[in-house]
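For reference, the structure discussed in these notes is given below.
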Amino acid sequence: MSTDARILAVVTEDMSLVGGGAPIFFARSPEERERIARYLARALDAMVHDLENGVYIIARH
Amino acid sequence: MDAHLGTIVAGVLAGTVSRVLTLYLDYRQYPGYPHGYITHLSLGFIASALGAVAVPAILEQDYTAVTFLALAAQQFREVRGMERKTLERLDENELVKRGSDYIEGIARTFEARNYLTMACAFFTSIAYQLGKTPAAVLMAALTLVFVRAFMAGESIGDICEVVPARIWFKGPVLMVEDISFINVGLPEVREKIAREGLAVLVKPANADARATVCDLGQRQAMAHTVALLLGTKKDVDLPELTPLARIDPETGTVGLFTVPLERDAEALVMAVKRTPVLESARARPLKAQAGRLAARR
């Protein structure tokens with residue numbers, strides 16, 4: 001049970017929803033967003049969380 | 001020396017046998033490192049020799065000789081340190097970690113078992129001195145029964161009811177009955193968990209049990225045991241499949257979910273039930289008046 005969870009990347013279809021420190025990946029469709037999130041998560045050994053507003057975050061726990 | 005040979009042999013034998021017996025009981029916690037067995041058997045032999053030799057030393061009025069028991073205590077503390085260090089190293093590469101509470105519990109147990117071995121040898125030697133072989137055999141049997149009963153410890157099944165539970169998704173959030181777990185973003189992973197996952201609810205029997213299963217180390221120990229006995233489909237790049245145990249703060253019920261290699265609900269219930277109650281997690285609020293008052297409702 002670690003408490004140092006970190007956001008490694010953000011994948012979004014709407015750039016106006018996001019900002020800040022983590023790398024942001026822009027997707028043009030829901031399929032592309034999912035694909036990018038999947039690839040990032042596997043590459044970073046991290047988890048995908050769905051914020052349900054078209055934004056995915058890739059976080060490591 | 002010859003006069004005491006029988007005494008010493010009886011003590012050493014009984015002590016070593018008791019160590020072998022407790023090592024066997026360990027099997028679940030100690031998944032067979034052959035060299036570990038050798039280490040612990042040799043230490044058990046040394047412990048029983050120390051316990052056995054103490055009796056003739058006292059009889060010969062060589063009281064200072066008893067001080068080497070203090071040396072033994074020092075030695076056994078090192079056993080604890082050694083065990084802790086080994087397990088911590090191994091834990092770094094475990095997919096589902098034992099957790100430091102579990103490791104500390106195991107290390108402490110290993111230290112204590114050496115004291116028990118020593119005591120077993122000591123009492124058997126005394127018995128031999130007083131009543132020769134029959135008394136020694138009787139005493140050895142008694143201490144062995146005591147050691148087994150004493151070291152068995154409690155398991156989750158003794159203090160909680162464990163029942164299979166349903167996994168479902170509330171949007172992206174993984175739920176086990178009413179307990180929310182994690183947000184799983186990718187639909188295919190959600191489908192995999194819904195299809196291949198298993199869950200149980202651990203319902204504590206009383207306030208003591210509730211405080212025990214609330215402990216993070218205890219929950220990690222359950223997750224570890226489940227992953228050990230049923231396997232897990234988790235890998236380093238699939239952290240979503242990590243077995244997790246989360247609590248329902250309203251009732252104190254703990255939900256546990258896993259994606260096992262062998263999908264068998266009955267085996268999962270059994271694995272959770274067999275998880276040892278950790279010494280560090282064990283809590284007894286009902287022993288205090290405030291705890292009893294709080295549990296009245």
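For clarity, every value in this text was computed on a predicted model and none was experimentally measured. Naming convention: chains lettered A, B, ... in sequence-line order (proteins, then strands); numbering from 1 in each chain.
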Checklist line | Residue part contacting chain A, namely of V189(B), when any heavy atom lies under 4.5 Å | finding: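 Just the side chain, heavy atoms under 4.5 Å.
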Which heavy atom of Y56(A) sits nearest to which heavy atom of P187(B), and what is that distance?
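Minimum heavy-atom contact is OH-CD, 4.3 Å.
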The side-chain contact (heavy atoms from CB on, under 4.5 Å) partners of K170(B) (sequence neighbours excluded) come to W168(B), M175(B)
Against chain B, residues from residues 39-50 of chain A with at least one heavy atom under 4.5 Å, in numeric order, are R42(A), D45(A), A46(A), M47(A), V48(A), H49(A), D50(A)
Chain B-proximal positions within residues 12-36 of chain A [heavy-atom distance under 4.5 Å]:
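Answer by number: E34(A).
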Would you say [X] has more than 12 foreign heavy atoms packed within less than 6.0 Å of its [atom1]?
{"X": "E266(B)", "atom1": "CD", "value": "no"}
{"X": "D235(B)", "atom1": "CG", "value": "yes"}
{"X": "L51(A)", "atom1": "CG", "value": "yes"}

Next on the checklist: Which residues in residues 195-205 of chain B have any heavy atom closer than 4.5 Å to a heavy atom of chain A?
Outcome noted: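 Those residues of residues 195-205 of chain B which would need a heavy atom under 4.5 Å from chain A do not exist here.
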> Do P172(B) and E52(A) have side-chain heavy atoms sitting under 4.5 Å apart?
Replying inline: yes
